[in-house]
Every structure is written in structure tokens, then in C-alpha cells.
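Working notes, beginning with the structure itself.
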2 protein chains.
Amino acid sequence: MTTEEKIFNAARIVFQKKGFAGARMQEIADEAGINKAMLHYCFKNKQLLFEAVFMNAFGELAPQINDIFNSEECVFDKIKKFTKSYISFVIQNPFLPAFVIQEMNNNPEFVMQFFNNEKRPNPELFLTQIKTEIQAGILKPINPKQLLLDIFSMTVFPFAAQIMVKGIIHISDSEFNQMMEERKTSIAEQIINSIKK
Amino acid sequence: MTTEEKIFNAARIVFQKKGFAGARMQEIADEAGINKAMLHYCFKNKQLLFEAVFMNAFGELAPQINDIFNSEECVFDKIKKFTKSYISFVIQNPFLPAFVIQEMNNNPEFVMQFFNNEKRPNPELFLTQIKTEIQAGILKPINPKQLLLDIFSMTVFPFAAQIMVKGIIHISDSEFNQMMEERKTSIAEQIINSIKK
DNA sequence: ATACGGTTTAACCATTTGGTTAGTAAATGT
DNA sequence: ACATTTACTAACCAAATGGTTAAACCGTAT
């Protein structure tokens with residue numbers, strides 16, 4: 001593993017746990033097991049290191065989502081695939097959703113510029129497809145944006161609020177993961193059931 | 001408005017926007033229109049000021065939720081009431097969910113101690129009630145904790161991820177609020193529909 | 001062997017930040 | 001009227017923090 005990779009991984013861990021403002025360059029250096037000056041040697045400054053981590057995290061997920069939403073499949077299949085692959089991905093990166101929400105909230109200007117990127121999640125095609133399937137009589141006449149919000153909510157929220165969820169319903173890490181495994185299929189079933197005519 | 005109130009309100013605004021780590025005492029003082037030393041005169045230090053804000057925010061919401069979940073009503077009515085009153089509350093405090101998730105994530109030790117408080121959201125009774133209604137044949141045989149998670153997800157997520165949501169599906173503040181108004185009833189309808197036998 | 005390039009570090013610096021202090025102004029009690 | 005507490009501020013301080021520098025280290029080509 002190159003030094004740059006060591007730093008990057010350390011930065012991902014620390015930023016995801018503490019956020020941009022809470023993260024300390026020294027802590028990242030310690031986590032990477034190298035001298036703090038190397039951070040600046042490799043990534044210039046905190047902001048750029050952060051951007052590298054954020055872009056990577058988000059940029060890995062967005063194309064996956066877009067591939068699914070922009071494929072040729074029907075709405076039902078897209079919902080099934082999305083929930084399954086999103087949950088699989090996030091189980092491997094459990095702090096990602098809370099991290100993205102946090103930085104979105106603290107630093108909207110920076111994050112927003114990122115939404116003009118081609119790597120951003122772009123559900124336009126999916127939304128028009130929903131309209132089409134409603135007109136075709138496949139789906140009940142629901143608001144496409146509400147449907148999309150439902151899908152995201154059911155999928156993302158448990159991870160974003162992971163710590164709170166564990167605290168409120170009193171479950172361990174393994175019970176949590178087991179519940180998320182269940183959700184890989186149960187979310188799609190429930191949503192499809194509620195919108196199919 | 002007393003000076004203490006001015007500080008408290010200013011602190012709420014700044015903490016909710018920037019989080020604990022990102023908030024600056026000077027910024028809070030400026031927002032309140034008073035000298036920075038007053039913050040320490042009234043609230044001792046940053047941590048205590050933050051705790052006051054956090055406890056207040058969470059402590060206002062938790063009893064409302066508990067009142068609903070611990071009432072004598074049936075599961076369906078509880079779901080209806082919860083979504084409606086939660087959304088009403090959060091429309092007035094739009095940054096609260098993201099704020100809570102953020103601090104939960106950054107500072108789990110502190111927040112967890114708060115979950116032994118009697119003011120915490122306590123869904124135990126609601127969970128057993130769900131089991132009872134399943135055995136009574138009113139509800140389909142679902143996992144009560146998954147149901148609770150569904151309810152929270154659909155209700156809380158759109159607010160927690162507000163800024164991202166607005167960016168991804170391209171809606172204005174007023175469109176967002178209108179969608180949330182719709183959700184006051186639509187979430188309950190959908191969930192009830194998916195669990196009633 | 002040695003000069004040279006990139007890599008890595010210890011020590012240092014400037015600024016920011018939470019917090020303190022000492023003193024002033026304004027109520028409040030006597 | 002005067003003393004005393006309370007509310008408030010400007011100036012200051014120590015620690016933390018992001019960032020820099022100059023020197024050391026190390027592989028490698030000459």
C-alpha cells in the first residue's frame with residue numbers, strides 16, 4: 001500500500017467518524033501511521049484531502065445507482081435491484097450515508113457544485129418511466145417523486161440513523177446487519193405491493 | 001427576550017447549521033448580538049451550551065412521540081398520529097433531524113447517555129402491541145422492529161437528507177414543504193395498507 | 001563513491017479558538 | 001446616598017490546529 005493510499009484510507013475513516021470540522025489532521029496522520037507533513041506533501045491541505053475522500057465515496061455509489069435507474073428494465077425490477085445493491089454497498093461502508101448527510105448540511109455550497117457533475121445521482125429517466133407506467137396502467141396514480149423518496153427513505157435512513165436506531169430499538173451490530181439483510185428484499189416487496197395496480 | 005434566551009436561540013441556529021465541531025463561539029455571540037464572554041457567563045462553556053440546545057431539541061420531540069406510542073389507541077391510529085405530528089413538528093424545525101443524526105454519529109458516547117433518560121423515545125410498548133395485533137389477526141405477520149423502522153424511515157429521512165433530496169429531484173423549498181404536507185397522510189396510508197390483513 | 005531525485009520527518013510558525021480576567025455599567029438593596 | 005450584587009464588555013491568554021521549512025533518508029543512475 002502506497003503512502004498516499006494509507007493517508008487516503010486513514011482520512012476516510014477519520015472524516016466519516018468526525019466530519020470535516022471535527023477531523024484533525026494529526027489524527028489522520030496517526031491513523032495512517034505517518035508524519036503529519038506527509039498529508040500536506042500528498043494532498044496539499046485539509047480541504048483537498050476531504051474533497052478526495054468525499055468525491056471517492058460519493059462517486060463510487062452514484063454510477064451504480066445511475067446504471068440501475070437508467071437501464072432498460074421495468075420500474076419493479078429497478079426498485080428490486082436498487083434496494084439490493086444499495087444495501088449491499090452500504091453494509092460495506094456503514095458510515096457513508098450519515099457522512100454525506102452531514103457534509104451536505106454543513107457545507108451545502110461545496111456539495112451542491114458536485115451536483116452538476118455527471119457522476120451525480122440522476123433519477124430523471126426513472127421519474128419519467130414511472131409516469132409512463134402509470135399511464136400504461138401498470139402502476140397506481142402516485143406521485144413519482146414521492147415514490148422515489150419512499151424508496152430512498154426506506155433504504156438509506158436505517159444506515160444514516162444507524163446509531164440512533166440501535167439505541168432506540170435495542171439491537172446489536174449483528175442484529176442490525178441481519179435486519180438490513182432482510183430489507184434487501186422486503187423493502188422492494190412492500191413498495192411494489194403498494195404501487196402495483 | 002432575556003440575554004440567556006438570545007444566546008440559546010443563536011446557539012440553536014449555529015449548532016444546527018454547523019454541528020458541534022463546526023460551530024464557533026464567536027459566531028454564536030455575533031448571531032445573538034452580544035459579547036462572547038456572555039456565552040461563558042451564562043452557559044459556562046461550549047459543551048454545556050451545546051448540551052442545553054441538544055437536550056432541548058430532542059427533549060421536546062421525544063415526549064410527543066412517547067405520548068402517541070404509549071396511548072390506548074390501535075396500531076393504525078398510532079401510525080397516523082405519529083407521521084402527522086412528527087412531520088408538523090419537523091417542518092417547524094427543519095434542521096433538527098440532520099443535526100441529531102450528525103451529533104449521534106460524531107459523539108455517540110455523549111448521546112448514548114441520553115438514551116437512559118426517561119425523556120428518550122421508548123417504543124417498547126408499541127412493539128409489543130404490534131405483536132399482539134399480529135396474533136389477533138389484525139396485522140400480517142411482519143417483524144415489528146422492521147415496521148417501526150419503516151415508519152421512522154419514511155417520516156424522518158426526507159428531512160434529514162433535505163438538502164440532498166432537493167438537489168437530486170430538483171425541487172424548491174415550497175415544493176418540498178408541499179410534498180411533506182402530502183406525506184402527513186400518505187405515509188400512514190401506504191404503511192397501513194401494506195400490513196393490514 | 002557520489003551526486004541527485006523523490007520521500008519522510010522533527011521542529012517550527014501563524015492563526016484560530018475556547019476560555020479568562022479585570023474592570024465598567026446598571027440594577028437592587030439598605 | 002452608598003454599598004453590593006448582577007449584567008455586560010474589551011482586552012487578553014494558553015492551547016490547539018492547519019500548515020511550512022529545512023534537513024535527513026534512501027534508492028538509483030552515473
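These numbers come from the heavy atoms of this one structure, side chains and all, not from hydrogens, waters or symmetry mates. Each chain gets a letter, A, B and so on, in the order the sequences are listed, and its residues count up from 1. Quantities reported herein were computed from a predicted structural model and do not represent experimental measurements.
Residues A:Asn106 and B:Gln102 bring a donor and an acceptor atom of their side chains to less than 3.5 Å of each other. Between the side chains of B:Glu73 and B:Ser71, at least one donor N or O sits under 3.5 Å from an acceptor N or O. B:Gln26 and B:Asp30 are linked by a side-chain donor-acceptor pair at a separation below 3.5 angstrom, with hydrogens and angles left out of the test.
Judged by distance alone, the side chain of A:Glu133 and the main-chain N or O of A:Ile130 form no donor-acceptor pair under 3.5 Å.
Rounded to whole angstrom, the span from the NZ atom of B:Lys46 across to the C1' atom of D:dA16 amounts to 12 Å. One atom, CG of A:Asp30, and another, C1' of C:dT9, lie 14 Å apart when rounded to the nearest Å. Computed from coordinates, the B:Phe50 CZ to C:dG18 P distance equals 14 Å when rounded to whole Å. The interatomic distance linking B:Met25 (CE) with C:dT20 (P) rounds to 10 Å, in whole Å. As rounded to whole Å, 11 Å separates atom C1' of C:dT8 from atom NZ of A:Lys6. Atom C1' of nucleotide D:dC12 and atom NZ of B:Lys36 are separated by 10 Å, given to the nearest angstrom. Per the geometry, CD belonging to A:Glu27 stands 13 Å off C1' belonging to D:dT17, to the nearest Å. Atom CD of A:Glu4 and atom C1' of C:dG6 are 13 Å apart (whole Å).
Toward the 5' end of DNA chain D, the nearer of the two residues A:Gln26 and A:Ala37, judged by each one's closest nucleotide, is A:Gln26.
Checking the phosphate oxygens (OP1, OP2) of D:dA16, no side-chain nitrogen or oxygen of A:Arg24 falls inside 4.0 Å. Note on A:Thr3: every side-chain N or O is 4.0 Å or more away from OP1 and OP2 of C:dT7. Look at B:Tyr41 and you won't find any side-chain N or O under 4.0 angstrom from OP1 or OP2 of D:dC8.
The aromatic ring centres of B:Phe82 and B:Tyr86 sit less than 6.0 Å apart.
Counting any heavy atom pair closer than 4.0 Å across all strands shown, A:Met38 reaches a base atom. B:Ala29 comes within 4.0 angstrom of no nucleic acid atom, judged by non-hydrogen atoms across all strands. Across all strands shown, A:Leu39 has no heavy atoms under 4.0 Å from either base or sugar-phosphate atoms.
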